[in-house]
Amino acid sequence: EAGVAQSPRYKIIEKRQSVAFWCNPISGHATLYWYQQILGQGPKLLIQFQNNGVVDDSQLPKDRFSAERLKGVDSTLKIQPAKLEDSAVYLCASSLWEGKETQYFGPGTRLLVL
Amino acid sequence: GIQVEQSPPDLILQEGANSTLRCNFSDSVNNLQWFHQNPWGQLINLFYIPSGTKQNGRLSATTVATERYSLLYISSSQTTDSGVYFCAVDASGGSNYKLTFGKGTLLTVNP
């Protein structure tokens, strides 16, 4: 079974530029999560999708971050414009359903904002 | 929101040693997971353990939900066990499964 795929793996941009990350969850997984992991900390949930609907985006900085999950499969996370403090690893995870299921994580995208 | 505290923050072991990592949480939880983040950043599920005890090879975990803590045991440690161990809990209730992570324990196993 293929795992969660993410791209790109690394991205370097200058502040005020925009950037987008892509995630393909495990086949059949209805729930998809985006996390932000700042160096030295645990991952923090940004947004959770159930199929193509948003379940929780309470910690998403909506003035600059946006995410979508068209057709309930792949998802993109966008930052526009980026700030220095957005430098982090962006992790995508998926789980089978919204219930009490194990979350499986992708390899992450390392973003550096200069 | 719920607070998740992990201890110790750092741990250095010689290969073959045993260790215990602790996770304390401030409120009742529906679920708890332990993860290992390897040096390349990949988060790997170790245990899904809202209560009770589970074992997988050299690793085992115990969660005492009523006392709000979980323990991860690593026996006969190997250099490949190095990395950060995270405890994550779900205290959201209902059907919205939302993990809150601790800051992790950085484990270094020396040969």
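FYI, side chains are in, hydrogens and waters are out, and symmetry mates aren't considered; it's all heavy atoms of this structure.
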So which residue, B/I44, B/L99, B/V4, ends up with the most heavy-atom pairs under 4.5 Å with chain A?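 Result: the option with the highest number of such pairs is B/L99.
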
Below 4.5 Å from any heavy atom of chain B, which atoms of [X] appear? Answer side chain, backbone, both or neither.
X	result
A/Q37	side chain
A/Q6	neither
A/Y35	side chain

Same hydrophobic cluster for [X] and [Y], using side-chain heavy-atom links shorter than 4.5 Å among ILVMFWY?
X	Y	result
B/L107	B/V84	no
A/I79	A/I13	yes
B/Y73	B/V109	no
A/V73	A/L77	no
B/V89	B/F47	yes

Roughly how far, to the nearest 0.5 Å, is the [atom2] atom of [Y] from the [atom1] atom of [X]?
X	Y	atom1	atom2	value
A/T102	B/I49	OG1	CD1	11.5 Å
B/Q42	A/L91	CD	CG	8.5 Å
B/W40	A/R9	CH2	CZ	12.0 Å

Who in residues 105-114 of chain A is close to chain B, using a strict under-4.5 Å heavy-atom cut-off?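 Answer by number: A/F105, A/G106, A/P107, A/R110.
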
Between A/G42, A/P43, A/A93, which residue shows the highest count of heavy-atom pairs closer than 4.5 Å to chain B?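 Highest number of heavy-atom pairs under 4.5 Å: A/P43.
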
Tell me whether B/Q78 at atom CD has more than 12 heavy atoms from other residues, nucleotides or ligands lying less than 6.0 Å away.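 Result for CD/B/Q78: enclosed.
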
Can you confirm whether A/K62 is buried at NZ, in the sense that more than 12 heavy atoms of other residues, nucleotides or ligands lie under 6.0 Å from that atom?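 Result for NZ/A/K62: enclosed.
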
Listing request: all side-chain hydrogen bond (donor to acceptor under 3.5 Å, both in side chains) pairs with a residue in residues 61-71 of chain B, at least two apart in sequence or in separate chains.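 Listed by first then second residue: B/W34-B/S70, B/T53-B/T62, B/T63-B/S70.
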
Qualifying salt bridge (Lys or Arg N to Asp or Glu O under 4.0 Å) pairs with a residue from residues 11-32 of chain A, counting only residues at least two apart or across chains: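 Applying salt bridge (Lys or Arg N to Asp or Glu O under 4.0 Å) to every pair that reaches into residues 11-32 of chain A, excluding sequence neighbours, yields nothing.
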
Report the residues that fulfil ring pair (Phe, Tyr, Trp, His ring centres under 6.0 Å) with A/Y90, sequence neighbours left out, ordered by chain and then residue number.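 With neighbours one apart ignored, the set is A/F21.
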
Counting only non-hydrogen atoms closer than 4.5 Å, does B/Q37 touch chain A with its backbone (N, CA, C, O), its side chain (CB onward), both, or neither?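 Just the side chain, heavy atoms under 4.5 Å.
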
